[in-house]
Amino acid sequence: MAKHFKAPTGTVDFLPDYHDYFTFVKKVIRHRFRQSGFRRTSTPMFEETEVFLRALGETNDITARELYSFKDRQDREYTLRPEITTGIVRSFIEHEMQLEALPKELYYIEPCFRFERPNSRTKRQFWQFGAEVLGESDPSIDAQMMYLGHRILKDLGLDDICELKINTIGSPADRKEFFEALANFYSGKERTLTPESQEKLAQKKYLELLDPKSEDEEILVQMAPKITDFLSKDSRQFFDDVQEYLNSFGIKYTIDYSLVRPLDYYTNTVFEFHEVGNKNKVLVGGRYNGLIEKMGGPNLGGAGFAAGVDRIISLMKTEGIEVPQKDELQIFLAATGPVAKKHALPILIKLREHGYHAVGVLGRTSMQEQLERAQRFNVPYTLLMGDLEVKKKQLIVRDMETGKQVWIDQDKVLEHMDGLLGAQVNLDTTTDFLGHN
RNA sequence: GCGAGCGUAGCUCAGUGGUAGAGCAGCGGUUUGUGGUACCGCUGGCCGUGGGUUCGAUCCCCAUCGCUCGCCCCA
């Protein structure tokens, strides 16, 4: 036997059952983003590796072991995008969007790639959706992003199992002093830290030390200097304003000073919705005021959030949330005999254009074969046409559940099926989708 | 990057140091213009791959690849 091919390690086929959910999720996302003035954008699936190294930083776990990189036939270094923000910022700069009306509000639903060890929650190719607001740094934007995230989760039925946490990590200037204080504080206490944290300390990744990895570290973090003591007047005001806006529309949140991001580009606000009772992130975001300039563009602020579609769908399934199924077949048209087959196809097309989901006129034409197929397609009704029916211009309507059959005239088929299945919502068959005759 | 488990028929799995079994699926029949249920029959496997131990390995050992599940991480 020939070799069986498989989907590459860490990838999965997104089969029709997945798309039942995906279609619904996309519909919600599009609706909520459009409502808020966002427009959809797409960037290439891969960029020069340098683009990601610049944006994400060169010395962290993410760039060291999670980038899906390759050389092309001309020896250029490329990387499949691990997230979308970087590409959008590159695109913003390349197309000089700062000359357009600001803020630029963009959203996306795109596949991303990370070179991970695959498990039930992590794959190497996965879908992300998210939004970016570029060219404006008002705290109201941050609050609006959180509202949008919340609103989408609510539409998907997940708001009850997700909680919002927020924090501020200040400006780079604020952090400079804060980090010096942290360095002093941890000096001499290295042995209390886990080996991983000792490494973070050595690499001066002070922010990541704020997320404790052991009970000892938790105690240390509580005693350690707090970012709030080092915030400039502006940064403090900004964070206060964000909270005031959040309060103004009554969204629930808690402040969590251990909430940080491993990437260089965040400033001020960071937030995440995670599952209640564990740390599994569902939707994460924050402000990144230095990123556009760092990528070679104008000195403009930005904020955004992102969420994994696959994780959301699996949560919906766990929660027993069902989505509308619009692909169910309604009619199987069984033609028994070669003559009937020729006569049946126009009827099948007529049924479809009337709005029915119909299949048929397939395969061998024995009655048994036809009914077996109809049964496997799980249709409520089968229309049977043999040579006898062709001659009489009739067909048989068989109720697949009861087995009851009635003979009707072929030119009454639409009225008859409407009586059984209800009138169909259909496009006018004399026009195309754009309304042209 | 670390750890655990599993690779036997299309699928789900059992099994034994002496070259393999069940259920489901598939195909055919009981039923030549009528599906589902039932009964009968048939097809189907280099026991993941490579090496080692052994008279002999699907089984024991080593390696390798693949899958699954954790951990780290999760932009």
Side-chain angles (χ1 to χ4, degrees), chain A residues 1 3-12 51-57 60-68 79 81-89 112-124 126 128 130 132 194-197 199-200 205 207-208 211 213-214 260-266 270 272 274 278-286 288 291 304-308 310-311 332 334-337 339-340 364-390 395-405 407:
Chain A
M1 210 202 297
K3 179 191 172 188
H4 277 80
F5 292 111
K6 286 177 168 176
T9 297
T11 65
V12 293
V51 171
F52 295 115
L53 291 180
R54 177 90 66 85
L56 305 173
N60 54 44
D61 285 356
I62 285 167
T63 47
R65 59 179 243 225
E66 302 271 12
L67 293 185
Y68 211 129
T79 294
R81 60 182 175 202
E83 45 89 44
I84 304 295
T85 304
T86 300
I88 289 183
V89 167
C112 294
F113 307 82
R114 297 176 189 174
F115 199 84
E116 313 231 29
R117 183 78 167 267
N119 62 37
S120 62
R121 288 195 301 279
T122 320
K123 299 283 183 277
R124 287 186 181 174
F126 55 95
Q128 282 220 329
E132 315 292 349
T194 61
E196 291 78 16
S197 296
E199 203 172 313
K200 300 286 183 205
K205 299 205 165 291
L207 273 186
E208 292 176 58
D211 189 8
K213 306 294 182 205
S214 69
V260 294
R261 285 287 128 74
L263 300 181
D264 296 347
Y265 62 56
Y266 285 98
V270 291
E272 73 179 37
H274 63 81
N278 66 46
K279 285 178 127 186
N280 288 341
K281 301 178 205 310
V282 178
L283 187 151
V284 305
Y288 44 84
L291 182 59
F305 69 80
D310 312 82
R311 205 167 286 188
F332 187 91
T336 62
V339 177
R364 295 198 305 275
T365 56
S366 79
M367 192 63 94
Q368 181 163 331
E369 149 98 358
Q370 290 292 308
L371 277 167
E372 274 175 9
R373 280 196 193 232
Q375 205 246 320
R376 296 202 59 169
F377 279 111
N378 199 24
V379 292
Y381 295 99
T382 297
L383 306 184
L384 295 158
M385 277 179 75
D387 294 347
L388 200 61
E389 285 72 27
V390 171
L395 47 75
I396 306 166
V397 180
R398 181 180 178 89
D399 180 322
M400 292 301 279
E401 203 174 322
T402 64
K404 282 189 183 156
Q405 301 186 157
W407 275 254

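Chain identifiers are assigned alphabetically (A, B, ...) following the order of the sequence lines, protein sequences preceding nucleic acid strands; residue numbering begins at 1 within each chain. Keep in mind that the numbers below use all heavy atoms, side chains included, and drop hydrogens, waters and symmetry copies.
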Decide yes or no, distance alone: a donor-acceptor N/O pair under 3.5 angstrom between the base of rG3(B) and the side-chain of Arg117(A). yes

N/O donor-acceptor pair, side chain Gln405(A) with base rU34(B), under 3.5 angstrom: yes

Which value, in whole Å, describes the distance between the P atoms of nucleotides rG45(B) and rG21(B)? 14 Å

Tell me which nucleotide, if any, is Watson-Crick or G-U wobble paired with rA38(B) when both distances must be under 3.5 Å. rU30(B)

Would you measure the distance from the P atom in rG15(B) across to the matching atom in rC39(B) and give it in whole Å? 27 Å

With nearest nucleotide decided by heavy atoms, which residue, Arg65(A) or Glu272(A), maps closer to the 5′ end of RNA chain B? Arg65(A)

Mate of rC67(B) across any strand shown (Watson-Crick or G-U wobble, both atom pairs under 3.5 Å) is rG5(B)

Taking atom C1' in both rU54(B) and rU12(B), what distance in whole Å separates the two? 34 Å

Nearest-neighbour nucleotide for the Thr9(A) side chain, rG70(B), rC67(B), rC74(B) considered: rC67(B)

Considering Watson-Crick and G-U wobble pairs with both distances under 3.5 Å, what does rG44(B) pair with? none

Would you say that Phe115(A) contacts Leu67(A) through its side chain, given a criterion of any heavy-atom pair below 4.5 Å between the two side chains? no

Between rC73(B) and Lys281(A), is there an OP1 or OP2 to side-chain N/O distance shorter than 4.0 Å? no

Mark yes or no for a side-chain to base donor-acceptor pair under 3.5 Å between Glu389(A) and rG33(B), with no hydrogen or angle criteria applied. yes

Any donor-acceptor pair, under 3.5 Å, between the side chain of Arg398(A) and the base of rG35(B), if you only look at N and O atoms? yes

note: Arg376(A), atom CZ; rG36(B), atom P; distance rounded to Å ~ 12 Å

Pick the C1' atom in rC47(B) and in rG17(B), then give their distance to the nearest Å. 14 Å

Once you apply the 3.5 Å cut-off to both distances, tell me the Watson-Crick or G-U wobble partner of rU12(B), or none. rA22(B)

